[in-house]
Each structure stands twice: as structure tokens, then as C-alpha cells.
Visitor: 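Okay, here's the structure, questions in a sec.
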Protein chains: 2
Amino acid sequence: MVRTRNSSTTKRATLADVAKVANVSAITVSRVINQPDKVSSDLCQRVQEAIDMLGYIPNQSASSLASARSGVIGVSIPSLSNIVFNDVLRGIYDVAGASDYKVLLVDTHYSPLEEEKMIRTLLSQSPEAMIITGGDQTRACERMLAKAGLPVVQIMEILNQPLDMNVGFSHYQAGFDVALKLLATGCQRLGFIGARMDARVQQRMAGFRDALQERGKLNEKFLVTTPEPSSIALGGELFRSLLSLSAGQVDGIFCCNDDLALGALFESQRMNIKVPTDISLCGFNDFESSAFVNPSLSSVHVPRYEMGVQAAQMIVQVLEGEAVAQKQRDIGFEVILRQSSRPIQ
Amino acid sequence: MVRTRNSSTTKRATLADVAKVANVSAITVSRVINQPDKVSSDLCQRVQEAIDMLGYIPNQSASSLASARSGVIGVSIPSLSNIVFNDVLRGIYDVAGASDYKVLLVDTHYSPLEEEKMIRTLLSQSPEAMIITGGDQTRACERMLAKAGLPVVQIMEILNQPLDMNVGFSHYQAGFDVALKLLATGCQRLGFIGARMDARVQQRMAGFRDALQERGKLNEKFLVTTPEPSSIALGGELFRSLLSLSAGQVDGIFCCNDDLALGALFESQRMNIKVPTDISLCGFNDFESSAFVNPSLSSVHVPRYEMGVQAAQMIVQVLEGEAVAQKQRDIGFEVILRQSSRPIQ
DNA sequence: ACAATCGATGTTTGCGCTATCATTTGACTT
DNA sequence: AAGTCAAATGATAGCGCAAACATCGATTGT
């Protein structure tokens with residue numbers, strides 16, 4: 001049997017192999033790959049041919065070890081199923097990819113303890129920077145990050161004491177504003193349904209609650225929450241719960257996200273409850289479908305993609321040694337009233 | 001100023017540092033981390049204390065280099081925005097995480113050339129296995145993968161000539177079955193709207209088309225496609241296009257995914273077209289919302305999470321040296337008829 | 001014409017870890 | 001009691017690469 005070139009049993013080619021074939025030193029091959037302008041064009045070409053011939057692929061572990069640069073940005077999000085993070089990730093990947101950084105992504109399942117474990121894993125990969133979600137890290141986790149001494153961006157919410165950099169918006173203010181808007185449309189008995197109840201959802205609820213209290217419209221019974229993860233199905237259930245708990249008195253509901261809101265809307269249709277005539281609905285996150293359902297769903301729009309982009313840009317800037325304009329950025333939100341709530345009077 | 005412990009300027013602790021503190025050799029520390037049962041319990045404890053005291057985090061690059069094991073599984077998907085991949089990823093992450101593998105995820109933007117570049121990047125991280133989407137790799141990409149000689153699972157579709165392992169289902173058969181089912185509900189003039197038109201969407205269309213042709217019900221004018229990415233908005237547009245191109249004759253539409261189908265449904269509501277009385281609709285992917293919209297949307301259910309789980313399990317099995325039962329697995333699909341199509345007569 | 005300078009290339013070394021092969025100790029066999 | 005073996009620990013070397021420094025020839029300035 002003829003020995004075929006580079007079968008899978010052959011060991012992966014190294015810099016030295018390429019160097020031998022091109023008849024140059026290993027460091028020259030390294031330069032061709034990393035700083036081609038430092039090598040004369042004919043040598044560059046000869047080396048490139050050798051690389052192609054051998055199918056050489058650099059060993060990033062060796063490179064990281066020798067240069068103390070991994071080209072990795074660690075990213076930690078609480079959930080892969082929550083599509084809210086898709087847009088953020090897309091922004092991060094777009095910017096990171098354009099600057100040749102790799103992204104190592106972990107999922108913490110909304111648990112600070114798991115987050116601590118995951119961030120330890122990330123740190124063992126020697127990332128050059130980290131993007132993490134929110135501010136609920138454990139003390140140990142904060143210590144690890146501080147000790148690692150790398151740029152960190154906390155995203156999704158504006159924090160009082162960010163570890164380093166921060167891009168997000170005020171969930172409290174968003175909840176507050178929704179309450180005011182719904183009141184302005186004439187709602188008198190507002191309710192809230194919330195699921196998962198992570199820190200950000202709690203802040204939305206707190207803002208909503210405080211606004212109602214300020215206006216003397218707060219009824220604690222109208223706040224229905226569950227630790228279960230959000231889903232459309234759950235939205236329908238919570239909608240029914242709230243209706244029965246309030247004895248059908250509620251005339252407007254702030255749903256902690258659009259999953260719940262869509263579930264509530266679909267359930268209202270099944271129950272023959274008129275939205276917004278009988279009950280107004282407002283969601284949060286402004287999914288694409290929210291603008292298209294009938295009646296279209298009022299929601300809070302958040303520039304998620306932009307948030308990912310900015311977080312990654314801040315990272316890249318710091319890593320390239322540039323100055324970062326603001327270490328904390330509020331990217332804002334917008335309450336969008338559509339057909340599921342009445343017009344402001 | 002008092003010198004505080006471990007400021008960010010301090011270098012990261014190494015095995016040797018821990019060894020010195022614990023008064024053992026470096027290799028013992030390594031063993032405590034990687035094979036604790038090979039070390040006596042008192043030493044184990046002493047070393048663990050030193051690790052905690054120094055906040056030692058292993059350098060994975062050095063470990064990979066020395067052991068030729070990275071613990072990384074490379075995953076390549078065509079799009080981060082398409083939420084179809086969320087469920088698959090969740091399955092992969094769940095299984096990989098449980099076996100202490102890290103996932104390195106790249107996005108190819110549906111481009112084989114970008115895929116080639118991304119897979120080169122992945123390979124440079126010395127992954128122990130790869131999970132990639134579909135079978136549209138470039139020749140160069142196939143060569144790289146073959147040369148790397150690692151376990152590869154191609155997911156999302158059943159391939160005629162998989163590179164190695166394969167988990168998916170037949171998109172052709174799914175399209176074919178949808179056509180038969182819609183015909184069985186009494187539709188006479190079936191149309192198709194498709195976006196992005198990647199390999200899998202094309203297969204769905206081909207199956208749909210062939211089924212219609214077999215039954216003598218094919219009208220090429222009723223197949224409307226665009227290379228643009230799918231969205232609910234685009235679904236509405238394509239719905240209108242198809243209606244006008246068919247002069248309103250179409251009485252049933254297979255939409256290449258649920259985004260388009262929801263867009264079509266919402267648009268039909270706005271146009272006062274009755275679904276399913278005037279037109280039947282069937283989507284693909286069976287999003288959660290599809291079961292909840294009114295009328296609920298017929299769709300093709302695919303066990304995506306399960307697909308991710310199986311792909312990762314196959315990988316883990318191979319890496320642990322176990323035998324893999326079947327290298328190719330058809331996980332099937334299910335056409336679910338709901339209110340957006342009439343009952344089968 | 002000769003030193004000074006610069007660009008192009010090479011040599012050496014070590015990054016932090018683990019594979020491999022000792023070495024030591026003590027328990028157990030015959 | 002000598003030999004055998006296994007468990008626990010250590011010493012050494014090398015994984016593949018790039019930083020740091022060294023070398024060499026060519027170009028420049030005066």
C-alpha cells in the first residue's frame with residue numbers, strides 16, 4: 001500500500017517542519033504568519049508555499065504560552081435559551097471577529113455559583129478580556145476577576161459599582177416609565193407578571209412598583225411572579241392567575257418580557273378578552289414578532305445588538321492600548337406603545 | 001503604602017508557586033488537580049490550601065501543550081441570529097459541560113468560505129473534536145478536517161457522504177411530507193415561500209416540489225424564493241408576492257420556516273384573508289409561538305435540543321474511547337397540523 | 001572611505017505544564 | 001529474612017512557539 005501524504009496518523013506539522021521545508025529558521029516562519037511585513041517578499045512566498053504544502057495550522061496553545069497572548073475574549077451569559085442574548089452575542093462576535101479575537105462563551109444558567117465555576121474555566125484559558133452579564137457575581141468570582149487584572153465589561157444593566165467597564169441601561173427606570181405610560185393611557189388598576197425573577201426583572205418590577213406607589217395606584221396583589229423560566233405558555237398561565245387573583249379587576253399588565261406578554265395576549269384571545277379595550281398589555285424586549293402580532297404588542301425596545309457591539313469595542317480599544325471614552329455607558333431604552341395598549345390621552 | 005496581597009500587577013501564580021508554598025514538587029500539584037486519587041489525602045489537602053491561598057488557576061495553554069489535550073470541542077454554526085441553533089447549542093453545551101469539555105463556537109454567516117476560515121481558527125485551538133453544520137464545506141475545509149484526524153459530527157441534515165459522524169433528518173422528506181399532508185387537507189393549488197435558500201431550505205423545497213409534481217399539482221409560479229435572510233417582515237412580503245404572482249389562486253402555502261409563516265399569518269390577518277378557510281399555512285421548525293398564535297400554526301417539529309445532545313454525546317463517547325452505536329443517526333421530524341390548515345379529510 | 005544605521009534573518013531561551021521514568025517506602029509473600 | 005510489589009512522590013525533559021538578543025550585509029551620511 002502506498003503511503004499517502006499526511007494521513008490522519010501523521011503528526012500535525014509544526015513551525016519547525018515548515019521551516020525545514022522552506023529552508024529558513026523557525027522564527028522566520030513565525031514572522032511570516034504574525035508580522036509578514038518584517039520578512040522579504042520572496043522569503044514570505046517560499047514560506048507560504050511550505051505552509052500550504054504541509055497544511056500547517058499554528059498551535060494556538062504554544063503561541064499563547066510563549067507570547068502570553070491568547071486572542072480570546074471570554075463571554076459569560078446566563079442562558080443560551082433566552083434569545084435576548086442572541087442579539088448581544090451577535091454584536092460581540094461581529095466586533096471580535098473583525099479584530100481577530102476568538103470568543104469563548106459560557107452559560108451560567110442564571111446561577112452565581114455556576115458563574116463562578118464557569119469564569120474560573122474561562123480564566124484558565126487565559127482570556128485577554130471578559131464580558132460578563134450583570135453584577136451578581138459571588139465575592140470569590142469578583143476576587144478572581146480582580147486578581148486576573150484584565151479588562152472586564154459588565155453588560156445588560158447599569159451598575160452602581162461596576163468592576164471595570166459597564167454597558168447597559170436602567171431596568172428600574174424602564175419599569176418606572178412603563179408604569180407612567182400605561183397610567184397615561186388611562187389604566188387605573190395595573191398589574192405585573194414576572195418570571196425567572198433575576199436581578200434585572202426584579203429591578204423592572206421595582207421601578208414599576210415604585211411608580212405606581214408614587215401615584216397611589218399600587219395594589220400588591222396585582223404583582224404576580226414565579227421563579228420558573230419564561231415561556232409563552234407560562235405567560236398565558238400567569239395572565240389567568242393575575243385575572244383571578246385580582247378578581248378580573250386589572251385593566252393593564254406589564255409583562256416582564258415579550259415571551260410572557262405574547263402568552264398573555266394569545267390567552268386573552270382565547271378567553272375572549274379584548275386587548276386593549278378590556279386590558280392593556282405591555283411587554284419587554286421588543287421581539288420582532290411583537291410588532292407584527294394582532295393587535296401589535298407594546299413593549300420596551302432595547303438596542304441589544306448595539307450593546308454587544310459597544311462592549312466588544314470597549315474591550316478591543318483597551319486591548320489595543322487606546323483610551324476608552326466612557327467606562328460606563330447607558331445605551332437607553334424606548335417604551336413603544338402599540339395596539340395592545342390604548343393611546344395616551 | 002502597604003503592599004497589598006496579589007494586586008493585579010502581580011504575575012499569575014503557577015504550579016511551581018503552589019508547589020513551593022505547599023512544600024511539594026510541581027508534579028504533585030498537577031496530580032492533585034488532575035488525578036487527586038493518586039495523591040495521599042493529607043498532601044492533597046495541603047496542596048489545596050496552597051491553591052486557594054494563591055488563587056491559583058491552571059494555565060490551560062500550557063496544559064494543552066504538554067498533554068496534547070485541550071478539552072475543547074469546536075462548534076461551527078451558520079448563524080447566531082437564527083434561533084433554530086439555540087436549541088441545538090443548548091444540547092451541545094449541556095452535554096459538553098457535564099463532561100468538562102469547553103465549547104468554542106464560531107459563526108460562518110452561511111458562507112462556506114467563511115466557514116473554512118473559521119474552521120481553520122478552530123483547528124488552531126487544537127480542539128479534540130468538531131461539530132459542524134451541514135455538508136457544504138469547501139474542498140480545502142474537508143481536507144483540513146481529514147488531516148486533523150479528529151472526530152467530526154455534521155448536524156442538521158442527513159448527508160449522503162458524511163465526513164465522519166452525522167446527526168440530522170431529511171429536509172427533502174420533510175418538504176415532501178408537508179406537500180402530501182396539505183394535499184390531504186384538500187388544498188389544490190399549493191405554493192411555497194422561501195428565504196435564505198441555504199442547502200437545507202432548498203432540500204425542503206425540492207421535496208415539496210417533487211411531491212406536487214408526482215401528484216400533478218405543481219405550478220412553478222407558486223414557488224417564491226429570495227436569498228435574503230428570513231424574518232417575520234419578509235414573510236409578510238413574500239406572502240403578498242405569492243398572492244399577486246398567483247393572482248390570488250393559491251389555497252395553501254408551505255413556508256420554509258416559522259418566521260416566514262408567522263409573517264404570512266399576521267399579514268393575512270391584516271389583509272382580511274381567512275386562514276385556513278381561504279388559505280392554509282404551514283411553517284417549519286415549530287417555534288413555541290407557533291402553537292400559541294391564533295389560529296395556531298401548522299409546522300414541522302424537529303427535536304433540535306435532542307440533536308445537539310446526540311451530537312455531543314457521540315463526540316464524548318468517541319473521546320472516552322467508547323464505541324459509537326451508529327455513526328449516522330436520523331432523528332426524524334413530525335409534521336404537526338394545527339388550525340392554520342384544515343383537518344385531513 | 002568609513003562609521004553609523006537599518007532591515008532581514010538567525011540563535012537561544014523559556015513560557016507552564018505533564019509524560020515518562022526514577023526513587024522511596026512499607027506491606028506482603030514465601 | 002530476602003524478595004516482590006504497589007503506592008506515593010519526585011526529577012527530568014520536552015511540548016511548539018515567540019521574546020529577546022545577536023548577527024550580517026547593505027545603505028546612508030559626511
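Quick note on labels: first sequence line is chain A, next is B, and so on, each numbered from 1.
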Visitor: Would you kindly give the CG-to-P distance between N34(B) and dG16(C), to the nearest whole Å?
Guide: 17 Å
Visitor: Please, which pairs that meet side chain to side chain donor-acceptor pair (under 3.5 Å) have at least one residue in residues 317-326 of chain B, sequence neighbours excluded?
Guide: Y101(B)-E320(B)
Visitor: Is Q154(A) reaching over with its side chain to a backbone N or O of L163(A), donor-acceptor style, under 3.5 angstrom?
Guide: yes
Visitor: Heavy-atom nearest nucleotide on DNA chain D for A62(B) versus T28(B): which residue maps closer to 5'?
Guide: T28(B)
Visitor: Are any side-chain N or O atoms of S64(A) and backbone N or O atoms of Q60(A), one a donor and one an acceptor, separated by less than 3.5 Å?
Guide: yes
Visitor: Identify which nucleotide among dA19(D), dG10(D), dG16(D) has an atom closest to any side-chain atom of T14(A), counting heavy atoms from C-beta outward.
Guide: dG16(D)
Visitor: Looking only at atom types and distance, does a side-chain atom of D164(B) sit under 3.5 Å from a main-chain N or O of V153(B), one as donor and one as acceptor?
Guide: no
Visitor: Applying side chain to side chain donor-acceptor pair (under 3.5 Å), name anything that partners D198(B), two or more places apart in sequence or on another chain.
Guide: none
Visitor: Kindly say if S25(B) contacts the phosphate of dG10(D), meaning a side-chain N or O under 4.0 Å from OP1 or OP2.
Guide: yes
Visitor: Distance check: side-chain N/O of S67(B) vs OP1/OP2 of dC17(C), anything under 4.0 Å?
Guide: no
Visitor: Once side chain to side chain donor-acceptor pair (under 3.5 Å) is applied, do any residues pair with T121(B), and if so which ones, sequence neighbours excluded?
Guide: none
Visitor: Just to be sure I understand the geometry, which residues of residues 15-23 of chain B put a non-hydrogen atom under 4.0 Å away from DNA chain C?
Guide: L15(B)
Visitor: Nearest whole angstrom, please: distance from the C1' of dC15(D) to the CG of L65(B).
Guide: 4 Å
Visitor: Polar atom pairs between nucleotides 22-24 of chain C and protein, under 3.5 Å, N or O only, would you list them?
Guide:
none

Visitor: Between dT18(C) and S30(B), is there an OP1 or OP2 to side-chain N/O distance shorter than 4.0 Å?
Guide: yes
Visitor: How many Å lie between CD1 on I33(B) and C1' on dC17(C), as a whole number?
Guide: 10 Å
Visitor: Heavy atoms within less than 4.0 Å of DNA chain D: which residues of residues 35-48 of chain B have one? Give them sorted by number.
Guide: V39(B), S40(B), L43(B)
Visitor: When you measure from the side chain of R329(A) to the backbone N and O of V167(A), does any donor-acceptor pair fall under 3.5 Å?
Guide: no
Visitor: Provide the full list of salt bridge (charged side-chain N to carboxylate O under 4.0 Å, His left out) pairs with a residue in residues 58-75 of chain B, sequence neighbours left out, each pair given once.
Guide: R69(B)-E128(B)
Visitor: To the nearest 10 degrees, what angle separates the axes at the start and end of the helix from dA1(C)-dT30(D) to dT30(C)-dA1(D), five pairs each?
Guide: 30°
Visitor: Go through the steps for R139(A) and E142(A) under the test salt bridge (Lys or Arg N to Asp or Glu O under 4.0 Å), then give the verdict.
Guide: CA-CA 5 Å; R139(A) 287 286 298 130; E142(A) 288 179 6; 3.1 Å; yes
Visitor: For residues 90-99 of chain B, dump all side-chain donor-acceptor pairs below 3.5 Å to protein atoms at least two apart in sequence or in another chain.
Guide:
residue : atom : partner : partner atom : Å
R90(B)  : NH2  : D87(B)  : OD1          : 3.4
Y93(B)  : OH   : L105(A) : O            : 3.1
D94(B)  : OD2  : Y305(B) : OH           : 2.7

Visitor: Output every pair passing salt bridge (charged side-chain N to carboxylate O under 4.0 Å, His left out) with a member in residues 53-66 of chain B, not counting sequence neighbours, ordered by first then second residue.
Guide: none
Visitor: Could I get the full list of side chain to side chain donor-acceptor pair (under 3.5 Å) partners for S70(A), not counting sequence neighbours?
Guide: none
Visitor: Under the 3.5 angstrom rule, does the side chain of D17(B) hit a backbone N or O of T14(B) as a donor-acceptor pair?
Guide: yes
Visitor: Starting at the 5' end of DNA chain C and moving along, which residue's nearest nucleotide shows up first, I27(B) or S61(B)?
Guide: S61(B)
Visitor: Applying side chain to side chain donor-acceptor pair (under 3.5 Å), can you list everything that pairs with S126(B), at least two apart in sequence or on another chain?
Guide: R12(A)
